[in-house]
Amino acid sequence: MITPYSTDTVLAHEGRTHNQLGAPVNPPVYRQSTLLFNSLEALKTASGTPSAYGRGGSPTTRALESALARLEGAHRAMLTPSGLSAITLSLLAVLGPGDHLLMTDSVYDPTRAFCGETLKRLGIETTYYDPSIGSDIAALMRPNTRAVFVESPGSLTFEVQDIPAISRIAHQHGAIVLMDNTWATPLYFRSFEQGVDVSIHAATKYISGHSDVLMGAILTTEAIFPKINRLYRQLGMTVSGDDAYLALRGLRTLSIRLERHQRNAHALTQWLSQQPEVARILYPARPDSPGHELWKRDFTGASGLFGVVLHPQSDEAMRAMLDDMSCFGMGYSWGGFESLILRSNPTSARTATQWPWEGPLLRIHAGLEHPDDMIADLESAFLRLRATAQIPIEA
Ligand SMILES: *Cc1c(COP(=O)(O)O)cnc(C)c1O
């Protein structure tokens with residue numbers, strides 16, 4: 001149940017395991033495989049429950065699970081070894097041979113690979129849909145459509161989806177809604193209040209927040225929990241006490257980190273929007289970005305990840321721009337305290353829609369560095385781009 005506490009207080013309080021006097025604020029790290037029982041009766045009581053054996057979790061993992069569930073208003077949470085495993089496990093649990101899945105065309109690319117190979121091999125058909133489809137998704141529902149998967153905003157292309165409309169239609173047709181809610185975190189998108197049944201997080205990103213943990217989290221309603229939990233147990237999914245401890249430690253500061261990531265993303269996008277090479281900013285928190293109205297209606301904040309579409313550039317100019325950046329690193333992640341920049345190409349990862357932009361797409365994560373230093377780094381990068389880009393034009 002949701003307590004009267006506000007989110008910030010839940011972040012500080014939830015997931016403390018010890019209430020006795022003199023107990024540490026933080027739950028200790030439990031490293032455990034074998035658990036000992038001192039009587040046949042005690043062994044029998046534990047038998048078949050998660051507390052019979054280390055794989056069933058520990059007070060450390062349960063502390064993190066309860067904190068995440070409380071934050072987003074879920075019935076329960078399950079922790080997995082990565083965000084991707086949280087997605088694939090959830091899909092496997094709710095779909096079976098002959099079932100049909102509706103999948104947003106903006107989905108995280110490895111999810112697409114799983115649908116195209118593993119789900120297909122199991123006789124589960126996937127149809128990709130335009131992320132902006134809204135209630136028109138009704139036309140794609142089939143009698144065997146069991147699940148609709150949403151990711152909003154798309155973590156590469158930043159389309160905002162009309163989750164309440166999609167959820168309403170899905171439920172009318174007896175399908176459930178699974179959401180990759182990594183971008184907004186439990187703080188900025190209250191998925192269960194918007195009709196989502198399963199909210200999935202790459203806790204690798206903002207929840208742990210320090211680029212040193214890989215983890216996923218599956219949060220569900222009471223109705224869906226038993227189904228996913230059964231497969232979770234059968235597949236032997238578990239995370240270590242050390243990783244759970246790190247993620248819980250990161251979680252404590254999620255609210256203040258997100259505030260700063262958001263502020264820095266606004267500063268960077270404001271500066272970027274004034275550069276002549278920039279064709280479009282994809283940051284739903286900005287009024288000039290696609291999806292702003294839906295974002296304003298449904299979200300309570302924006303994190304620090306956004307896209308920048310440039311006017312067409314040569315590969316040589318892009319190399320000159322992005323090699324040797326100082327404040328920004330290049331890497332396939334985000335959500336940590338550090339700033340990142342990545343060149344990407346969404347064209348190849350689409351089947352239901354066409355990516356409308358011709359020029360290169362940069363995905364930028366605004367970290368916690370000072371925005372002046374980040375902007376100075378970007379400014380140098382744009383100067384290198386300009387210097388290189390001008391050569392063929394003047395020749
Ligand atoms: C990173 C990411 C994942 C996968 O998380 P891992 O922990 O890297 O497996 C899933 N969805 C989104 C949107 C992501 O950005």
Side-chain angles (χ1 to χ4, degrees), residues 61 64 68 72 77-92 103-115 118 131 149-161 163 177-189 191 196 198-219 232 235 237-240 242-244 246-247 250-251 254 258 261 265 282-284 291 295 299 302-307 329-342 344 346 349-350 361-367:
T61 61
L64 176 60
L68 290 172
E72 199 163 334
M78 290 156 274
L79 303 175
T80 66
S82 67
L84 183 59
S85 60
I87 296 168
T88 54
L89 176 98
S90 301
L91 288 170
L92 271 181
M103 174 60 74
T104 178
D105 210 24
S106 51
V107 74
Y108 178 66
D109 212 36
T111 303
R112 183 182 286 266
F114 178 76
C115 296
T118 303
F149 194 100
V150 297
E151 180 179 321
S152 180
S155 59
L156 189 60
T157 46
F158 302 96
E159 300 90 340
V160 182
Q161 298 193 253
I163 309 287
V177 177
L178 304 98
M179 175 172 192
D180 186 330
N181 196 16
T182 302
W183 184 86
T185 83
L187 268 55
Y188 288 169
F189 189 81
S191 63
V196 169
V198 181
S199 177
I200 301 164
H201 294 274
T204 307
K205 310 291 168 55
Y206 286 118
I207 287 171
S208 49
H210 294 72
S211 304
D212 51 5
V213 178
L214 278 158
M215 194 180 292
I218 307 169
L219 281 58
Y232 178 71
L235 290 182
M237 290 273 181
T238 191
V239 304
S240 74
D242 297 87
D243 283 348
L246 286 172
L251 185 71
L254 180 61
L258 281 177
H261 284 295
L282 307 175
Y283 187 49
W295 173 83
F299 288 71
S303 59
L305 190 74
F306 60 90
M330 271 195 274
Y332 287 108
S333 194
W334 51 282
F337 52 82
E338 78 287 7
S339 287
L340 296 168
I341 191 165
L342 194 68
S344 58
R350 302 235 144 191
L361 170 67
L362 297 175
R363 188 179 73 174
I364 293 180
H365 180 245

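Whatever order the structure lists them in is the order used to number ligands and atoms, beginning at 1.
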Write out the residue and atom name of the closest protein heavy atom to [atom], then the distance separating them to 0.1 Å.
atom: atom 15 (O) of ligand 1; result: Lys205 NZ, 2.6 Å
atom: atom 7 (O) of ligand 1; result: Thr204 OG1, 2.5 Å
atom: atom 11 (N) of ligand 1; result: Asp180 OD2, 2.6 Å

With a cut-off of 4.0 Å, which atoms of ligand 1 are near a heavy atom of [X]?
X: Ser155; result: 13 (C)
X: Leu84; result: 4 (C), 5 (O), 6 (P), 9 (O)
X: Ser82; result: 7 (O), 9 (O)
X: Ile87; result: 10 (C)
X: Trp334; result: 15 (O)
X: Gly83; result: 4 (C), 5 (O), 6 (P), 7 (O), 9 (O)

Closest heavy-atom contact between [X] and [Y]?
X: Ser191; Y: Met179; answer: CB-SD, 4.3 Å
X: Leu68; Y: Leu79; answer: CD1-CD2, 4.0 Å
X: Arg363; Y: Phe158; answer: CG-CZ, 4.1 Å

**Request:** Only heavy atoms count here, so choose which of Tyr108, Trp183, Tyr332 is nearest to atom 4 (C) of ligand 1.
**Result:**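 The nearest heavy atom belongs to Tyr108.
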
**Item:** Short side-chain donor-acceptor distance under 3.5 Å, Trp183 and Ser155
**Value:**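 No, because no side-chain N or O of Ser155 sits under 3.5 Å from a partner of the opposite role on Trp183.
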
**Request:** State, with a plain yes or no, whether a side-chain heavy atom of Ser106 is found less than 4.5 Å away from one of Arg350.
**Result:**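 The answer is yes; the side chains approach within 4.5 Å.
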
**Prompt:** Which distance, rounded to the nearest 0.5 Å, do you find between the CG of Asp180 and the CZ of Phe149?
**Reply:**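 Interatomic distance, Asp180 CG to Phe149 CZ, rounded to 0.5 Å: 5.0 Å.
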
**Request:** Please work out whether the ring planes of Trp334 and Tyr206 are parallel, tilted or perpendicular, with thresholds of 30° and 60°.
**Result:**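 Taking Tyr206 first and then Trp334, their aromatic rings stand perpendicular (interplane angle over 60°).
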
